[in-house]
Amino acid sequence: MSKLFTVSPSPHNYGKDTVRSLMYGVIIALIPTLAISLYFFGLGALIVTLVSVVSALIFEYLITKFLLKKQPDILDGSALITGLLLAFNVPSNLPIIIIIIGALVAIGIGKMTFGGLGNNPFNPALVGRVFLLISFPVQMTSWPLPIQSRMHYLDAMTGATPLGIVKEGIKNGEKVSDLMSQIPSHMQLFIGNMGGSLGEVAGIAILLGLAWLLYKKVITWHIPISMIGTIVIFTGILWLINPDKYLDPLFHVLTGGVLLGAVFMATDYVTSPMTHKGMIIFGIGIGFLTVIIRIFGAYPEGVSFAILIMNAFVPLINMYVKPKRFGEVINNG
Amino acid sequence: MLNLNDLGRLLIMAKKTESTLKNMLVALFVIAFISSTTLGYVYEFTKGPISDARLKKKVEAIKIVVPEFTNNPNLDSYKIPSDMPDSLECYPAYKDSTLVGTAIRTFSDIGFSKRIYLMVGFLPNGTIHNISVLEHSETPGLGDKMDKKKSKWSEQFNGKNPESYKLKVTKDGGNVDAITAATISSRAYAQAVDRAYKAYMANKK
Amino acid sequence: MSKINLVTKGFLKENAVLVLFLGLCPTLGTTTSAINGLAMGLATTFVLIMSNTVVSLVKSLIPDMVRIPAFIVIIATFVTVVELTMQAFVPELFEVLGLFIPLIVVNCIILGRAEAFASKNNVFDSILDGLGMGLGFAFALTILGAIREILGSGAIFGMKFFSGDGMLVFVLAPGAFLVLGYLIAITNKINSKKA
């Protein structure tokens, strides 16, 4: 099949983008987030990130070479991103063996089972993360306290995430305004001073990454904005109806994985729709599902599940939302 | 109408029976008749063992939670009202006509999923002897640690008297150490025990 | 087709679960451990052999137009027998499998074999077919159950070899789909090599 030439009508224009250049664009955008997580979680963050990235690369190499029997290209950056994003989605006191299992699931089940880069319907890092969340619920939901746990790894002091505190408080019939004293202020949330996964805490760093990705045209605005916008509108309506029971929209956006998911995970090329219109539908779907899970579901956080569910809809979206063919005349009947 | 001639013809006929209304009725009738007769016999045969097995399960649960007894707690069982519309079933355990303990079947609705049923055994002075989980559908790996088969968590209740031992998780100001990452299930468990204790003390004869 | 072939085809070549994709509901629902898978498989095997035998015996007596209801009544009878017996003599097993035992009635393998095989072949062949298909089903369920038990609870046939919890996802429904998917892939690979 590879011997066939692709024949397409002119004009031909050679794009300068390669898989490698796009992937490294994403990696650069991830650096501020990594830096902040190292600042807040210190040693644990370092160990988790290194183990995750190295094992993702090793599994990518081994599976491509021995199971798919292809020439491995582990430096194309995709396995590196999967490893980084997996690390960003777990707490910093996760035991090494669990991280390795996560990397194996992310690369092995999430990506290689479907035929490698470009064929996977689901975001590999999120497949790994959700697998770990369901498999090891205790380890995956004990969150080290920021700053205090800098010099600790497995023995870090743990607490709940702001979303977890609020979800449990509301279930006990407490009012949001009373709960607010237990959680950091919005400003603290914005710089990332809260319990949570490595990469999801620092809103400001993720926004820096977003600015870089938009500037470099690695991604477009459609998915992040439609997703965050939906969350703001949906939670805003609930908040206006009953501010004692529902949190304000800004809190929803700044906590949990909303920003990380919107900027780095929902925008994955392989698992998001092709057209801009499709991307907006995709983003709205993720935002909607996230709020549904957060407010009505059993888990306090729902971004990973929402993105995976919408990943499954991408082929359908691509089928119904097609770009207009060049020269096609809209039939007015 | 079924007559013996038709039945005989059906049975000896080697050729495929035709789908006439009479043949169809006869065939279905015969099959239904044979199968219901068979099932009737099997039911009669297994009825005893099935109710024995059910009773044994209940008595096993009672045996776990109260000290050794000689009576049949199932025969002596009575009901006491609780703070909810549903009343609680009590199984008193006597050893040589002295009350050694009471097993109470209690429940809680504030768990993670469906209603949780526990069998709690109290000594006559109200001290908890032992507790076992009858039914639950809490999350595997988290809430299901309340089950003795999964972890030793529930042993912390044994030998405690709720008069001095507050049946609430430590987070809510009680004495119960919650299961790691499963405060909701632990809270429900404590509530069920508390419900049984209050009902038991209020209705003590 | 030789007599031995009638029995062995159920294991790989025409495995009910892994190749024909029949009876997936009990397959996914009951296989949280090897022993559960085996028990469900054997219960199904019993029903399959008995219903194949009876259907094959009475095939010429049943008019074509009512054959499906007739088969279902026969199958349901045997399933109820299994259910009552299990409830009476192995209540622990019934507690785990209870929900799925009545569902054997609507298991496509059983009606499928009655319709496709037993109603066209003689009694002896039908028994062999029921045995092969049933054991193949039990084989698939046991393997699936064993893998899920090893990974999910760190045990095999109830014997723990790993202290602490396993990967819980394998005890839950997603793990069943995951393992089944990989088993199907492996079966396809083996079958395509043979062909």
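Just the heavy atoms: all of them, side chains too, but no hydrogens, waters or symmetry mates, feed the values below.
More than 12 non-hydrogen atoms from other residues, nucleotides or ligands lie less than 6.0 angstrom from OH of C:Y182. Around NZ of C:K120, the count of heavy atoms belonging to other residues, nucleotides or ligands within 6.0 Å exceeds 12. B:K160 NZ: more than 12 foreign heavy atoms inside a 6.0 Å radius. The 12-atom threshold is exceeded at CZ of C:F21, counting heavy atoms of other residues, nucleotides or ligands nearer than 6.0 Å.
When heavy atoms are compared at a cutoff of 4.5 Å, B:K57 approaches chain C solely by way of its side chain, counted from C-beta outward. Of the atoms belonging to C:F89, it is side-chain heavy atoms, and not backbone ones, that fall under 4.5 Å from chain B.
Between B:S35 and C:T77, the shortest heavy-atom distance links the atoms CB-OG1, 2.9 Å. Closest approach of C:A88 to B:P49, counting heavy atoms only: CB-CB, 3.5 Å.
From C:E83, atom CD reaches atom CD1 of B:I50 across 8.5 Å, with rounding to the nearest 0.5 Å. Atom OG1 of B:T20 and atom CE of C:M65 lie 10.0 Å apart (nearest 0.5 Å). The CE atom of B:M24 sits 10.5 Å away from atom CG of C:D64, with the distance rounded to the nearest 0.5 Å. To the nearest 0.5 Å, the span separating OG1 on C:T80 from OH on B:Y43 amounts to 13.0 Å. The line from OG1 of B:T46 to CE of C:M86 is 13.0 Å long, rounded to the nearest 0.5 Å.
Ranked by non-hydrogen atom pairs under 4.5 Å with chain C, the options B:I34, B:T38, B:D52, B:I31 are led by B:I31.
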